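To start, the structure itself, in structure tokens.
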Protein chains: 2
Amino acid sequence: MQRDTRQRRAIRRVFMDTGRPLTPDEVLVMGQQQVHSLGLATVYRNIKILHEEGWLAEVELPGGGTRYELAERPHHHHFLCRECDQAYDVHNCPDQVEELAPPGFTVDGHELILFGLCAACS
Amino acid sequence: MQRDTRQRRAIRRVFMDTGRPLTPDEVLVMGQQQVHSLGLATVYRNIKILHEEGWLAEVELPGGGTRYELAERPHHHHFLCRECDQAYDVHNCPDQVEELAPPGFTVDGHELILFGLCAACS
DNA sequence: ATATGTGCAAACTCTTTGCATGGAG
DNA sequence: CTCCATGCAAAGAGTTTGCACATAT
């Protein structure tokens, strides 16, 4: 059974207020602004729970550890800026991606990552 | 100046003979079939050198460490099997991916990963 | 009152580095 | 004979776990 602790509430709020994929360490720093005593292990444990619940989705981008973002959002992809290393959402999706797989392969999901310079760094 | 050691030759051969993205640990196991004394640090050191030389390309896929594959090959993408966790090449590519980015963003590269079951695991 | 959650520190995994020895040139 | 490369073991990063205490219910 789930308890509603200050730490868990702070971690959830960080994700809801931020709207882009975050590393555990980013969550720690941002969460400590609400709960100063917040520890890294607590962040990892809660991210794990929230991910298992389906509240968070894993985002794996090159260069660095796994990031997480809110799960229950429309299908989208990511843009990774080579300059500032921030991840942005991309709300368009190429069609008929499933047909790109070799014969005999069953596709049940896909991830597309665009690289380049974001609007701010261009 | 580069020396031509048994270890380095074995590591290069593993990549040339395999043709799919490999983790350092996979390279170790396969390379030890040629050079029994091969150590993991040597694998990491040589992968680093071969990557800096542009002979290997990094492939970052969810679930596990960075994989590597031969660099000088035609543009392609990857399929990750959820069952056996092996990465396969996908030689098709969706068109006009650059146009998916938000206005003001400059795209200079992209990566597409398909998930599902490979032919062997279906 | 009870049992889950937290914080700390130790353990673990993956990767890198220091050092003495080995071997390519 | 010189140095670069190797193997081992120790050191670093990122992540997970054990334990005693705190706290939501």
Side-chain angles (χ1 to χ4, degrees), chain A residues 1-16 20-69 80 85-87, chain B residues 1-16 20-69 80 85-87:
Chain A
M1 212 231 100
Q2 286 267 334
R3 290 183 187 181
D4 184 29
T5 62
R6 285 179 310 140
Q7 290 83 345
R8 187 163 296 162
R9 229 176 299 131
I11 291 167
R12 269 196 291 244
R13 179 162 309 157
V14 165
F15 281 105
M16 289 189 292
R20 62 178 180 83
L22 297 174
T23 61
D25 216 72
E26 288 177 307
V27 175
L28 176 69
V29 172
M30 298 172 86
Q32 283 178 335
Q33 293 170 11
Q34 297 174 59
V35 180
H36 184 267
S37 69
L38 184 63
L40 187 53
T42 299
V43 171
Y44 273 103
R45 273 189 282 239
N46 278 288
I47 283 178
K48 187 165 187 242
I49 290 169
L50 293 168
H51 178 229
E52 285 167 357
E53 279 180 358
W55 197 82
L56 282 179
E58 268 184 3
V59 181
E60 304 223 25
L61 303 175
T66 307
R67 304 173 196 222
Y68 296 86
E69 64 178 0
L80 187 61
D85 201 52
Q86 276 214 359
Chain B
M1 215 231 96
Q2 284 266 335
R3 288 186 187 178
D4 185 27
T5 62
R6 284 181 310 140
Q7 290 84 343
R8 187 163 294 161
R9 230 176 298 131
I11 290 167
R12 269 195 293 244
R13 181 163 309 157
V14 166
F15 281 105
M16 289 187 293
R20 62 179 181 85
L22 298 173
T23 61
D25 215 72
E26 288 176 309
V27 175
L28 177 69
V29 172
M30 300 172 85
Q32 282 177 336
Q33 293 170 11
Q34 299 174 58
V35 180
H36 185 266
S37 68
L38 184 61
L40 186 54
T42 299
V43 171
Y44 273 103
R45 273 188 283 240
N46 278 288
I47 284 178
K48 187 164 188 244
I49 290 169
L50 293 168
H51 178 230
E52 286 166 357
E53 280 180 356
W55 197 81
L56 284 179
E58 268 184 2
V59 181
E60 303 220 29
L61 303 174
T66 307
R67 304 173 195 225
Y68 296 86
E69 65 179 0
L80 186 60
D85 202 50
Q86 277 213 0

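Each chain gets a letter, A, B and so on, in the order the sequences are listed, and its residues count up from 1. On a predicted model such as this, the values are computed, not experimentally measured, just so you know.
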Can you confirm whether [X] sits close enough to [Y] that some side-chain heavy atom of one is under 4.5 Å from a side-chain heavy atom of the other?
{"X": "A:L56", "Y": "A:I47", "result": "yes"}
{"X": "B:E69", "Y": "B:R20", "result": "no"}
{"X": "B:F15", "Y": "B:L22", "result": "yes"}

Roughly how many Å is it from [atom1] in [X] to [atom2] in [N], rounded to a whole number?
{"X": "A:Y68", "N": "D:dT15", "atom1": "OH", "atom2": "C1'", "answer": "9 Å"}
{"X": "B:Q7", "N": "C:dG22", "atom1": "CD", "atom2": "P", "answer": "13 Å"}
{"X": "B:R8", "N": "C:dG23", "atom1": "CZ", "atom2": "P", "answer": "15 Å"}
{"X": "A:E26", "N": "D:dT15", "atom1": "CD", "atom2": "C1'", "answer": "16 Å"}
{"X": "B:R9", "N": "D:dA5", "atom1": "CZ", "atom2": "P", "answer": "14 Å"}
{"X": "A:L40", "N": "D:dT17", "atom1": "CG", "atom2": "C1'", "answer": "13 Å"}
{"X": "B:L28", "N": "C:dC14", "atom1": "CG", "atom2": "P", "answer": "12 Å"}

Checklist entry - Does any N or O donor sit under 3.5 Å from an N or O acceptor when you compare the side chain of A:R3 with the base of C:dT4? => result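 Between C:dT4 and A:R3, which were checked side chain against base, a qualifying N/O pair under 3.5 Å is present.
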Checklist entry - Side chain of B:E26, backbone of B:T23: donor and acceptor closer than 3.5 Å? => result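 Checking the backbone N and O of B:T23 against the side chain of B:E26, a donor-acceptor pair under 3.5 Å is found.
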In Å, rounded to the nearest 0.5 Å, how long is the span from [atom1] of [X] to [atom2] of [Y]?
{"X": "B:Q7", "Y": "B:S37", "atom1": "CD", "atom2": "OG", "answer": "5.5 Å"}
{"X": "B:Y68", "Y": "B:E58", "atom1": "OH", "atom2": "CD", "answer": "4.5 Å"}
{"X": "B:L80", "Y": "B:Q86", "atom1": "CG", "atom2": "CD", "answer": "9.5 Å"}
{"X": "B:H36", "Y": "B:R6", "atom1": "NE2", "atom2": "CZ", "answer": "12.0 Å"}
{"X": "A:L50", "Y": "A:E52", "atom1": "CG", "atom2": "CD", "answer": "9.5 Å"}
{"X": "B:L38", "Y": "B:I11", "atom1": "CG", "atom2": "CD1", "answer": "5.0 Å"}

Checklist entry - With sugar-phosphate meaning primed atoms plus P, OP1 and OP2, does B:D4 contact a base, only sugar-phosphate, or nothing at under 4.0 Å between heavy atoms? => result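 Sugar-phosphate contact only - B:D4 comes under 4.0 Å of backbone atoms but never of a base.
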Next on the checklist: Heavy atoms within less than 4.0 Å of DNA chain D: which residues of residues 43-56 of chain A have one? Give them sorted by number.
Outcome noted: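 Of all residues in residues 43-56 of chain A, the ones placing a heavy atom under 4.0 Å from DNA chain D are A:Y44, A:R45.
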Checklist entry - Do NZ/NE/NH1/NH2 and the carboxylate oxygens of A:E53 and A:K48 come within less than 4.0 Å? => result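 Between A:K48 and A:E53 there is no salt bridge, as every charged N stays at least 4.0 Å from the carboxylate O atoms.
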Checklist entry - Which residues pass the side chain to side chain donor-acceptor pair (under 3.5 Å) test with A:R9, sequence neighbours left out? => result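 With sequence neighbours excluded, A:R9 shows a side chain to side chain donor-acceptor pair (under 3.5 Å) to A:D4, given in chain and number order.
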Item to check | Partners meeting side chain to side chain donor-acceptor pair (under 3.5 Å) with A:R8 (sequence neighbours left out) | outcome: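 A:R8 satisfies side chain to side chain donor-acceptor pair (under 3.5 Å) with A:Q2, A:N46 once adjacent residues are dropped.
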Atom pairs, protein N/O to nucleotides 9-12 of chain D N/O, distance under 3.5 Å:
none

Next on the checklist: Quick check: on DNA chain C, is the nucleotide nearest A:Q2 upstream (toward 5') of the one nearest B:R6, or the reverse? Name the residue that is more 5'.
Outcome noted: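 Here A:Q2 is the residue nearer the 5' end.
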Checklist entry - What residues in residues 31-39 of chain A put a non-hydrogen atom under 4.0 Å from any atom of DNA chain C? => result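 Correct list: A:S37, A:L38, A:G39.
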Checklist entry - Using the C1' atoms of the five pairs at each end, what is the angle between the end axes of the helix from C:dA1-D:dT25 to C:dG25-D:dC1, to 10°? => result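 Helix axis angle between the two ends: 30°.
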Checklist entry - Nearest heavy-atom pair of A:A10 and A:G31: which atoms, and what distance? => result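 Nearest heavy atoms, A:A10 then A:G31: CB-O, 4.3 Å.
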Checklist entry - So does A:T42 get a side-chain nitrogen or oxygen closer than 4.0 Å to the phosphate oxygens (OP1/OP2) of C:dG5? => result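 No, because none of the side-chain N or O atoms of A:T42 sits under 4.0 Å from OP1 or OP2 of C:dG5.
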